[in-house]
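Report on the structure given below.
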Amino acid sequence: MREDNLEMSENVERYLQLDPRSAAISQPPSSSSSAAAFVSPANKSRNCNSPCPDHVLENVLENVLQFLTSKCDRNAVSLVCKSWWRVEAQTRFEVFIGNCYSLSPDRLTHRFKRVRSLVLKGKPRFADFNLMPPNWGAQFAPWVAATAKAYPWLEKVHLKRMFVTDDDLALLAESFPGFKELTLVCCEGFGTSGIAIVANKCRQLKVLDLIESEVTDGEVDWISCFPEGETQLKSLSFDCVDSSINFKALEGLVVRSPFLEKLRTNRFVSLDELHRLMVRAPQLTSLGTGSFSPEDVSQGEQEPDYAAAFRACKSLVCLSGFKEFTPEYLPAISPVCANLTSLNFSYANISPDMLKPIIRNCHNIRVFWALDSICDEGLQAVAATCKELRELRVFPFDPREDSEGPISEVGFQAISEGCRKLESILYFCQRMTNGALTAMSENCPDLTVFRLCIMGRHRPDHVTGKPMDEGFGAIVKNCKKLTRLAVSGLLTDEAFSYIGEYGKLIRTLTVGFAGDSDMALRYVLEGCPKLQKLEIRDSPFGDVGLRSGMHRYYNMRFLWMSSCTLSRGGCRDVAHDLSNVVVEVFGSDDDDDDDFTRDYVETLYMYRSLDGPRKDAPKFVTIL
Amino acid sequence: MSTSFEKMDEFVNLKETELRLGLPGTDNVCEEREKVSCCNKRALPSEIESSTRKSETSPPRKGQIVGWPPVRSYRKNNIQTKKNESDNEGQGIYVKVSMDGAPYLRKIDLSCYKGYSELLKALEMMFKFCVGEYSERQGYEGSDFVPTYEDKDGDWMLIGDVPWEMFVRTCKRLRIMKGSEAKGLGCVV
């Protein structure tokens, strides 16, 4: 990490043709803005013949600050005094923006002059569940336009839930000659044409990771667009690109990418094709296996030795894919099981009998994702072997509210007893008990992320019939490191009083179909001192509950409340009283025009912003 | 386009006076029927269940809520639909359909259709065009639009050239070609 920082600062310096010793005297940010955050630098420094004391301090500070990478540390440093603010701004190379609407691109480019890595997040998470009409916003376009001018040395862009077009990707590829890493998570708006341009023009590209994004099939053979000759590729993930791949070109690309460590293919890559790739790239550490089914089982031909290919990949620690897998071939991965630290079976309908022989050897697994098709029995097998497990996610094979649900508190409790080092859990089930939650809270004190989804709404403890209050209470009381919590099941206001009182480190809280009254919301907003992100749906919270958080909304990233009992007037009052918070209300996008007379607020999304309400809000959004 | 809307309106008005077996206030059956009538299919109640399960715009079942359980559609769409080998029902055979000049792609389930004429009718309605007359020798005549498909060898073929079962097995995706490009294909056979 540190070498990266030094190397990048050298790159930036070279680009700016700056002498590092005189960095403190570089072009000052424009002082034309009236915002209090801007600082006009001292002019006296220009006329000094020998370094002034101020300068010396700034030079020293700059050299020290280079080693600070955590954004929290940097934010703290920038608050010390104006001089420190200035130096910190000049030495911040990686910028993280958790809500793209919390500031304008201009503000970014004015404050930070040497950004080489940008992380931007757009839509709020509930948009993933169709709770937000399309075309709400979060366009990458203004950001790429601004950074193209301000940071020609930009190397890394990481976007989550942003709307990115092919044109945006083209501008990116053309504007940043040293561009190295592009990661798009849960994004949409672009297609194979855009990817092709990036592949072709970004000659220094190390990382091209497309993760759970919607990619339009423009029928462009983008794999063939990588330039000839050796590439710098370290990571290539395209499992969400749902169109067929020119396999010959892919194979050729892998052959000329000696630094390739991570390769995640899509379901159009068959098992025999995967075999050919593995043989050419035995150095891989992370492999997304595509379909994991052979193309055609023809009688005469000799089948490739898949197990041998896996055996040859001695560095393989992470496996995923299996999107259309054929069970007979699953044992081929056995040679790598002992080395695996991460295994993702969450797209494969794997039964307990298929899982057990595999998981039995996975002693080093730290991250395990699966479908509930593995049943409680499969979870027990995991608990018996995977003593190093840190993260478990179990998704529903049949994601409907009234589905059977093959896992329950039995598997859950087994995991808590077997995997004591557990830090993060996401668990979808239909049956749960307070006892199991309490057991996990006691067995797994290192939990930082606890997300339980009892799929049937308002379901109580299925043994005692009581609400799930005590179970979640135990979690927040005993798991002292908890930073993220998602609750479900039948919950009264009492559960929220526990959360508010004991959830001292909780930053993200997700609530759905829970609570009895505004008191629940009050408990949370008057407690949970570290709360940053609060997302609520379908719960009986109204204007009174909303007002109980007035003292803290500016210090949060956002609040989302949908299908609660908010009124337009109540939301308007909040907007009126908090000038630095943007209050958006909207419903489904086919509301009629006499929206204005309706008092009921379907969705409230509010967030702090340094630059006021956005100008690109679609018709269905009203900014109060 | 307007004719199907008119038909829908007629249907909706009839709803008021219709005698049904459902409990008062249950609108599910009607909702489903309206969706089906968009496709110009007169479906029997027993057919409604299966067709709405396969259609992209099926209304949520009774009790289903938008976005609940909270599983991303990317994940839902990717979970392997092939169940055990013993599952004879055969989950849908989804292929993408594109039309030259149309800005969107559609997906259809080939297992919904029993033969070429059904498939072509469905395509015609989906994309609002007409195919010409098909003959083995000349391909499609009388229309600018020619329905083609890509088989698993990557070759582009005219829809109708091979027996239906073989088509369903080997078809990877469909493309409705327009204009001169399409004419060329007719001669390949």
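Each chain gets a letter, A, B and so on, in the order its sequence line appears, and its residues count up from 1.
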Part of A:Phe428 within contact of chain B (heavy atom distance under 4.5 Å): side chain
Qualifying residues under side-chain hydrogen bond (donor to acceptor under 3.5 Å, both in side chains), relative to A:Thr510, sequence neighbours excluded: A:Glu535
Minimum-distance pair of heavy atoms, taken over all atoms of B:Lys172 and A:Ser244: NZ-CB, 4.5 Å
Region of A:Cys240 in contact with chain B, defined by heavy-atom distances below 4.5 Å: both
Rounded distance (nearest 0.5 Å) linking atom CG of B:Asn78 with atom CG of A:Asp242: 6.5 Å
Separation between NZ of B:Lys96 and OG of A:Ser243, rounded to the nearest 0.5 Å: 5.5 Å
Whether A:Arg457 side chain and B:Trp68 backbone form a donor-acceptor pair below 3.5 Å: no
CA sep, side-chain torsions, deciding dist, call: A:Phe129, B:Val71, side-chain contact (heavy atoms from CB on, under 4.5 Å): CA-CA 7 Å; A:Phe129 313 123; B:Val71 176; 5.8 Å; no
Gap between atom OG of B:Ser73 and atom CD of A:Glu214 - 0.5 Å precision: 6.5 Å
Ionic contact status for A:Asp217 with B:Arg173, cut-off 4.0 Å: yes
Side-chain touch B:Ser98/A:Glu219, heavy atoms, less than 4.5 angstrom: yes
Distance-minimising heavy-atom pair for B:Val66 and A:Asn130: CG1-O, 3.5 Å
B:Arg75 (side chain) donor-acceptor with A:Ser346 (main chain) under 3.5 angstrom: yes
Spacing of A:Asp538 atom CG and B:Ile65 atom CD1 [to the nearest 0.5 Å]: 6.0 Å
Minimal non-hydrogen separation, B:Pro70 against A:Cys453, with atom names: CD-SG, 3.6 Å
